[in-house]
There are 2 protein chains.
Amino acid sequence: MREVMKKKDIEVKFRVFEDRCRQSGLKVTPQRVAVYKALIGTDLHPTAEEVHRMVKQDIHSISLDTVNRTLLTLAEIGAAFQVEGTGQRRRFDGDLENHQHFRCIKCGKIVDFHHKPFDNIDIPAQLHGQFQVMRKTVYLEGLCQTCSAVSSS
Amino acid sequence: MREVMKKKDIEVKFRVFEDRCRQSGLKVTPQRVAVYKALIGTDLHPTAEEVHRMVKQDIHSISLDTVNRTLLTLAEIGAAFQVEGTGQRRRFDGDLENHQHFRCIKCGKIVDFHHKPFDNIDIPAQLHGQFQVMRKTVYLEGLCQTCSAVSSS
DNA sequence: TGACAAATAAGAGCTAATCCTATTTAGTAG
DNA sequence: CTACTAAATAGGATTAGCTCTTATTTGTCA
């Protein structure tokens, strides 16, 4: 559904990002910018290693540790999200728009899906005092078509 | 809301579990049973290591690997769930009843909450062919009270 | 009761993530 | 433009959670 972002859009988002960094007292380093741009330029829920591979094309010397640290930082300032799921390997998502996830409990695959009614669910009033909610996701688990076929045979 | 399960309830669930194992062609070993009972007897989303510690009281020689393997198996046959979340450490949940999770993006804490309307959300029709949905969770991310206070100071 | 596939224990091995430290750099004030 | 300082980075070492391997044990079913 969502197309991979165009260069121009990335530039626009970048200014917002830059502001957000300075507000949080974070330096706008080339590494940080490169990681951010790489992340919002894909919709594949990349791992740190995958982002590292992408970013290396621009900044040859960037370390995996920096990418990891930066991705966590982005998640902390709300410029990206960790994808909820499996637990083996951390995956990130630069798409801040509403979308939902399905995860297969057998093969671990995570699939995006969109469903308008889910975009507008209301946070229960009881939570208002307790939490500052920045993201709502409907998370479904079960068997994908492939695994479903295998396990019933 | 949910009280930790009483011994009698655990015994009832255990019979269901036993059947489910045999149906899946799995042996009902003491280790498997102990892990299962430990998991449904708590609501703390334990890690494999935590379950291991609990189970060791009954079966002194049980290995961490067995606990890990068993927990994954339980999740595979639908007798338990992996808690969606963080990505560092795998956590499990033996509570198959409807409940939702909030996760703090700063400290990683996962908190259960209950909200009736979320228990009855409908799976979008578009997914019916693609996935066999076994669990629906509304997953909220943001800042908990503690972290919210710290970051605004 | 015997046979066999499945499960287990124990430890080795693997891999993602984190830590450590010397060096570099963005932001800022002069 | 220059100098300063705290923050960020590179690179390698370390850690920790999880998985694999192998020999042994144990449910299950005939």
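Below, chain A is the first sequence line, B the second, and so on; all start at residue 1.
- Note on L71(A): nothing from the nucleic acid sits closer than 4.0 angstrom, heavy atoms only.
- With dA5(C), dA6(D), dC20(D) as the choices, the nucleotide that has an atom nearest any side-chain atom of D65(B) turns out to be dC20(D).
- One finds no side-chain N or O of R89(A) lying less than 4.0 angstrom from the OP1 or OP2 phosphate oxygen of dT15(C).
- Side-chain contact check for Q31(A) and T66(A): no donor-acceptor pair (N or O, by modelled atom type) lies under 3.5 Å.
- For the atom pair L74(B) CG and F17(B) CZ, the distance stands at 5.0 Å (nearest 0.5 Å).
- A residue-by-residue look at K27(B) and T47(B) shows that T47(B) has its nearest nucleotide of DNA chain D further toward the 5' end.
- Of the candidates dA9(C), dT28(D), dT19(D), the closest approach to any side-chain atom of R22(B) belongs to dT28(D).
- Between L72(A) atom CG and dA17(C) atom P the separation is 9 Å, expressed in whole Å.
- Taking atom CD of residue E76(B) and atom P of nucleotide dT19(D), one finds them 11 Å apart after rounding to whole Å.
- Rounded to whole Å, the distance from CD1 on I62(A) to P on dA10(D) is 5 Å.
- OP1 or OP2 of dT9(D) lies within a sub-4.0 Å distance of a side-chain N or O belonging to T29(A).
- The distance from atom CD1 of I59(B) to atom P of dT25(D) is 17 Å, rounded to the nearest whole Å.
- OP1 or OP2 of dA10(D) has at least one side-chain nitrogen or oxygen of S63(A) nearer than 4.0 Å.
- Atom NE2 in H60(B) sits roughly 12 Å away from atom P in dA9(C) (whole-Å rounding).
- Whole-Å rounding puts the L26(B) CG to dT26(D) P distance at 19 Å.
- Within the 4.0 Å cut-off from OP1 or OP2 of dA26(C), not a single side-chain nitrogen or oxygen of Q31(A) is found.
- Contact check, R69(B) against dA7(C): no side-chain N or O comes under 4.0 Å of OP1 or OP2.
- Across all strands, L64(A) comes closer than 4.0 Å to no nucleic acid atom at all (heavy-atom distances).
- In this structure, of dC18(D), dA8(D), dA9(C), it is dC18(D) that holds the atom nearest to the side chain of N68(B).
- The E49(B) side chain lies nearest to dG17(D) when the options are dA7(C), dG17(D), dT8(C).
- D119(B) and Q100(B) share a side-chain donor-acceptor pair at under 3.5 Å.
- We find the CD-CD distance between Q82(A) and E141(B) to be 7.5 Å, quoted to the nearest 0.5 Å.
- Counting non-hydrogen atoms of other residues, nucleotides and ligands closer than 6.0 Å to NE2 of H60(A) gives a total of 12 or fewer.
- Distance check: D112(A) CG to H101(A) NE2 gives 4.0 Å after rounding to the nearest 0.5 Å.
- Taking atom CZ on R32(B) and atom C1' on dT25(D), their separation rounds to 14 Å, with Å as the unit.
- As a whole-Å value, the separation of F92(B) CZ from dG17(D) P is 13 Å.
- Comparing dT28(D), dT8(C), dA8(D) against the side chain of T70(B) picks out dT8(C) as the nearest.
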